[in-house]
Amino acid sequence: MAANAHYDLIIRNATIIDGMRAPRFHGEIGVRGDRIVSIGALATASADIEIDGTGLIAAPGFIDAHTHDDRMLLSNPDMAPKVTQGVTTVVAGNCGISLAHSPANGASTPPLDLLDGSGDWFKFPTFRAYREELAAQPAAINATCLVGHTTFRVAAMDRLDRAATPAEITRMREMAHESLASGAIGVSTGTAYPPAACAPTAEIIEICRPLSEFDGLYVTHMRNEDDQVIDSIEETCLIGRTLKVPVVISHHKTVGLKNHGRSVETLKLIAERMSAQPLGLDCYPYIASSTVLRYDRLEQSSRIIVTWSKPHPEFAGVDLYEVARRLNMTQTQAVEKIKPAGAIYFMLDETDVQRILAFEETMIGSDGLPHDTKPHPRLWGTFPRVLGHYSRELKLFPLETAVYKMTGLTAGKFGLKDRGVIKAGAYADITLFDADTVIDAADFEHSTRPARGISTVIVNGTVVWRDDQPTGARPGRILLRNS
Ligand code: ZN
Ligand code: CU
């Protein structure tokens, strides 16, 4: 086949992992334009760009199922923390937080300040406005976007410590409708955070009604991930069933010492519900979480590291007990003193993390926070850590399964057609990596150290990373659901 054919790009002599858990096989990949056009022996074919894949795995580009990259796509379009990990698509707008429909005072309301503490980026009155800016200034990689219920609340309500009124619900439903009609793929919620904690289930259902019309996704940082985690899973599933839409449980975990081990229970329930309704979940490969600095995490955590502080930037990277010592205060007082701020919380159990990662339907999502001064290492390390640490070193699952959890599974759950798979006709989002050396290098001390072992990254047929260097190309697109 394809004798003497000419391609724009050929990857030669690679070991191909297709993203759908087929056993790896040896072969060559021919690309024309933005698509993979043939796979097999292309020895007699020629190409403008030839990439030698000897000793490397060629896999579909990784899809980061859970990100807060809404602003990074615009402010840092090289997307270095993602490209260096082999990520070619990010799902933005998670945990109830998105830039559109921008609230005027968005930056002063945690957790919206995770996207931007200055307020300058909260400037998109509609999702269409956000999408148009991103289309006019593409990033190096693709994005697919959720819009956030917390952002809507901050935009539509004068105070957040109550349920929305019928008029406010109508306004927020219109925001959801506009967003979905303009290319958002779903709505996210973050009822765990104060600005959305007073939203009852019925408010969420009423705001999310347009999801049914657009077959959008309901994605949630659940109301509770500790003592009431089971109730939260039931609430999440109920919302999905009521709206008849697929649901994704974000960064699934069981928080706090007394809930360690409960992933046995939660995964059993998730598996049961999954047999009756479309349901997905993602997970990051660390025992520490990260978000804004909050009192209520003090007791649940064995260690807390400050990641940023607006009034006290000098404490970024410092343990909270040390901050308290230096300020000659209790830790609770120190939290008040250095807010607004962010933190890393050591409050998960390694056995739970491994059990959730290994669960058949779990996707990999980084939950990285790209604007933190000293971010959680998951921002730069998640994908190589799953490949190198959890698959190769700990043998938690075969490499084919690890790749599936960051490609084919994710594309299926989010409805990203012809992505997350190496096959003729699919988009040419391809990552080449060395299975023997790929590993995360970012840790809690050196939190922005780029991963090792990612050789080449191709997005829509264009090389964005090669020989440990970005190429400067910006072929990223906005991906719609089921189209
Ligand atoms: Zn979250
Ligand atoms: Cu998140």
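Residue numbers start at 1 and run along the sequence shown. Every number for a ligand or one of its atoms is a count from 1 in the order of the listing.
Residue contact annotation: His66 places no N/O/S atom under 2.8 Å from the Zn ion (ligand 1).
A cation-pi contact links Arg378 to Tyr284, judged by a cut-off of 6.0 Å to the six-membered ring centre and 45° from its axis.
Between the side chains of Ser263 and Asp352, at least one donor N or O lies within less than 3.5 Å of an accepting N or O.
Between Phe444 and Phe346, the ring center distance clears the sub-6.0 Å criterion.
Every residue was checked against the side chain to side chain donor-acceptor pair (under 3.5 Å) condition with Asp349, not counting sequence neighbours, and none meets it.
The N, O or S atom of His251 lying closest to the Zn ion (ligand 1) is NE2. Closest to the Zn ion (ligand 1) among the N, O or S atoms of His221 is ND1.
If you run side chain to side chain contact (heavy atoms under 4.5 Å, CB included) between Phe62 and each of Met406, Gln85, Lys405, only Met406 comes through. Just one of Thr382, Asp69, Thr67 meets the side-chain hydrogen bond (donor to acceptor under 3.5 Å, both in side chains) condition when paired with Lys82; it is Asp69.
Ionic pairing of Arg273 and Glu234 is present here: one or more N-O contacts between side-chain nitrogen and carboxylate oxygen are shorter than 4.0 angstrom.
Protein N/O/S atoms closer than 2.8 Å to the Cu ion (ligand 2), listed by chain and residue number, are His66 NE2, His68 NE2, Cys95 SG, Asp367 OD1.
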